[in-house]
Engineer: 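If you scroll down you'll find the structure; I have some questions about it.
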Number of protein chains: 2
Amino acid sequence: MTSTSKDAPQTMATTEPARPHVGRRAVISREDLMAAALQLVGPHRSISTLSLREIARAAGIAPNSFYRHFRDVDELAVTLINQAGEALRQIIGEARTRAVAERSVVQSSIEAFMEQLRADQKYLHLLLREGTVGSDAFKGAVERQLCFFEEELCTDLQRLAVQRDTGIYQPEVVSRAITRLVFAMGAKAMDQPEEAHPDIIEQLVTMVRMIIIGTQTMAAKSARDH
Amino acid sequence: MTSTSKDAPQTMATTEPARPHVGRRAVISREDLMAAALQLVGPHRSISTLSLREIARAAGIAPNSFYRHFRDVDELAVTLINQAGEALRQIIGEARTRAVAERSVVQSSIEAFMEQLRADQKYLHLLLREGTVGSDAFKGAVERQLCFFEEELCTDLQRLAVQRDTGIYQPEVVSRAITRLVFAMGAKAMDQPEEAHPDIIEQLVTMVRMIIIGTQTMAAKSARDH
DNA sequence: CTAATATATATACATATGTATAATAATGCC
DNA sequence: GGCATTATTATACATATGTATATATATTAG
């Protein structure tokens with residue numbers, strides 16, 4: 001797994017509508033390969049340890065056929081990361097908008113997050129644990145997705161601050177802290193039995209509350225000093 | 001790298017004082033092997049990707065000689081993790097005690113931490129980025145070291161809270177949040193140029209301040225409600 | 001049908017890995 | 001000296017990997 005794959009097609013792969021072909025039809029698609037790779041990763045297996053042959057085997061194709069779809073295992077991995085990030089952001093986004101009227105935004109967002117963990121949507125595994133190892137392209141892809149999370153959370157926090165008229169001190173730092181904390185605790189949770197999850201959720205909620213109360217208090221003090 | 005090594009000798013390997021030998025003398029020591037492995041890891045190389053042969057090559061011994069010192073690459077890795085954790089805890093501990101009179105404990109602890117990053121003491125790399133991948137024994141070792149950090153920080157926070165008569169709400173959660181956040185941001189910093197480090201330190205200090213102010217505010221409110 | 005073309009496979013090669021087995025080398029004890 | 005003991009190496013083997021090359025297969029255009 002070298003660090004090539006400079007220009008992976010960013011098309012988000014939504015089962016194209018059977019374009020007219022010339023030549024033999026593809027018996028397998030990029031998506032099939034990605035699914036096969038996803039199937040191999042898990043709590044005890046990281047994507048950066050998958051070999052080309054292994055993925056091809058899981059997908060039921062000859063090793064060389066892999067090259068028809070991706071240049072690299074790395075390129076596949078990056079595509080997978082992007083897909084995972086998008087999917088998760090959408091889920092969290094729904095949880096957030098759904099929660100505005102109901103319960104605490106914090107609580108329900110975190111619960112949605114941990115629910116994804118429990119559902120063994122391997123997507124999350126990618127974002128949680130693969131960010132620190134692997135090729136540069138790989139790490140970069142994870143980092144980019146995390147930044148998207150930060151940005152969305154940031155605008156959301158600012159919106160809420162205005163709405164409820166609570167101050168917010170350095171919202172970018174706040175959203176970054178929350179994002180990193182949630183992902184770090186999520187990674188920890190992945191290595192623990194499910195019985196421990198409720199406890200982790202509770203801790204996580206407390207942590208995020210502390211940060212939010214902290215930023216509000218700091219904002220209040222900062223306003224007082226002016 | 002399988003997940004064996006159930007009972008690695010926990011002796012922390014402080015260059016034994018030449019015990020009387022019978023048989024041929026060892027030309028290489030556990031420490032030499034660990035040093036060779038450490039030399040191979042770096043910002044672009046994770047310990048879980050090192051092969052036995054590669055480490056042996058770097059140490060200048062035949063592949064099979066490795067077995068005289070460790071059962072596994074995994075066992076070596078775990079030993080290395082423990083050593084790294086101990087070393088880092090000592091450094092941070094010194095920074096903390098040195099800082100009581102001088103500047104903020106938060107600021108100087110974080111600076112000591114990031115200084116270690118910059119000094120490219122590869123030790124830190126191990127703790128920062130290898131916690132999420134690798135064998136169970138491996139991940140367990142990292143997790144254990146992080147817990148040590150949490151515990152030490154926790155007692156320190158409580159001591160400070162008493163000393164300065166500020167409340168502290170759920171100190172275990174606070175110390176866990178701070179520890180995880182520092183390590184997560186440290187891992188991020190490792191993949192960025194050094195110019196970005198001051199900025200990251202500043203953000204990290206703000207984050208920790210928010211958490212501390214948050215827990216104090218929550219403690220105050222909780223006391224008021226009683 | 002035939003040619004062109006896109007796709008998939010078969011075979012093969014150089015290389016890497018973990019480790020089993022046997023042989024060699026150095027040390028202490030008698 | 002010889003002998004037991006330990007450390008190290010040499011050789012070898014089964015297996016895995018990435019990928020180059022050549023070939024087979026299916027599909028459409030003409």
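Chain A is the first sequence line, chain B the second, and so forth, proteins listed ahead of strands; every chain is numbered from 1.
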Engineer: CZ of Phe66(A) versus C1' of dA10(C): gap in Å, rounded?
Structural biologist: 19 Å
Engineer: Write down the distance between CG (Asp32(B)) and P (dT8(D)), rounded to a whole number of angstrom.
Structural biologist: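 To the nearest whole Å, that distance equals 10 Å.
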Engineer: In this structure, how many angstroms lie between the P atom of dT7(C) and the OH atom of Tyr67(A), rounded?
Structural biologist: 17 Å
Engineer: Could you check how far CZ of Arg57(B) sits from C1' of dT9(D), rounded to whole Å?
Structural biologist: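 After rounding, the reported distance stands at 16 Å.
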Engineer: Is the closest basic N to carboxylate O distance between Arg57(B) and Glu54(B) below 4.0 Å?
Structural biologist: no
Engineer: Which is more 5' along DNA chain C, the nucleotide nearest Pro63(B) or the one nearest Asn64(A)? Just name the residue.
Structural biologist: Asn64(A)
Engineer: Could you tell me whether the phosphate oxygens of dT8(D), OP1 or OP2, come under 4.0 Å of any side-chain nitrogen or oxygen in His69(B)?
Structural biologist: yes
Engineer: Given atom CZ of Phe70(B) and atom C1' of dA7(D), what is their separation to the nearest angstrom?
Structural biologist: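 Checked: the CZ to C1' distance equals 16 Å.
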Engineer: Grab the CG-P distance between Leu50(A) and dT17(D) for me, whole Å please.
Structural biologist: 10 Å
Engineer: With a 3.5 Å cut-off and no angle check, do the side chains of Ser29(B) and Asp32(B) form a donor-acceptor pair?
Structural biologist: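 Note: Ser29(B) and Asp32(B) side chains meet the donor-acceptor criterion.
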Engineer: When we call it a touch if two heavy atoms are under 4.0 Å apart, what does Ser51(A) touch: a base, just sugar-phosphate, or nothing?
Structural biologist: sugar-phosphate
Engineer: Using only heavy-atom distances, determine whether the side chains of Arg45(A) and Thr49(A) contain a donor-acceptor pair under 3.5 Å.
Structural biologist: yes
Engineer: Ignoring hydrogens and geometry beyond distance, is the side chain of Arg24(A) in donor-acceptor contact with the base of dT9(C) at under 3.5 Å?
Structural biologist: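 By the distance-only test, no, there is no pair.
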Engineer: Looking only at side-chain N and O atoms, does Arg53(B) come under 4.0 Å of OP1 or OP2 in dA16(D)?
Structural biologist: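 The answer is no; no side-chain N or O of Arg53(B) sits under 4.0 Å from OP1 or OP2.
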Engineer: Taking the side chain of Leu52(A) as heavy atoms from C-beta outward, which of dT17(C), dA6(C), dT19(D) is closest to it?
Structural biologist: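 Among dT17(C), dA6(C), dT19(D), the one nearest the side chain of Leu52(A) is dT19(D).
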Engineer: Any luck finding a side-chain donor-acceptor pair between Glu86(B) and Gln90(B) under 3.5 Å?
Structural biologist: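 No pair is found: no donor N or O on one side chain lies under 3.5 Å from an acceptor on the other.
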Engineer: What I want to check is whether an N or O donor and acceptor connect the side chain of Arg25(A) with the base of dT28(D) at under 3.5 Å.
Structural biologist: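 A donor-acceptor contact between them is absent.
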Engineer: For the side chain of Ala26(A), counting heavy atoms from C-beta on, which of dT17(C), dT7(C), dT9(D) is nearest?
Structural biologist: dT7(C)
Engineer: Glu130(B) and Ser46(B): side-chain donor and acceptor closer than 3.5 Å?
Structural biologist: yes
Engineer: What's Arg68(B) touching, base or sugar-phosphate or nothing? Going by heavy atoms closer than 4.0 Å.
Structural biologist: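 Base contact - Arg68(B) has a heavy atom under 4.0 Å of at least one base atom.
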Engineer: Tell me: CZ of Arg71(B) to P of dA20(C), nearest whole Å?
Structural biologist: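 Computing the Arg71(B):CZ to dA20(C):P distance gives 12 Å.
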Engineer: Taking only side-chain nitrogens and oxygens of Ser65(B), does any of them come within less than 4.0 Å of OP1 or OP2 of dA7(D)?
Structural biologist: no
Engineer: If I take atom CG in residue Leu33(B) and atom P in nucleotide dA7(D), what distance separates them, rounded to the nearest angstrom?
Structural biologist: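 It works out to 13 Å between those atoms.
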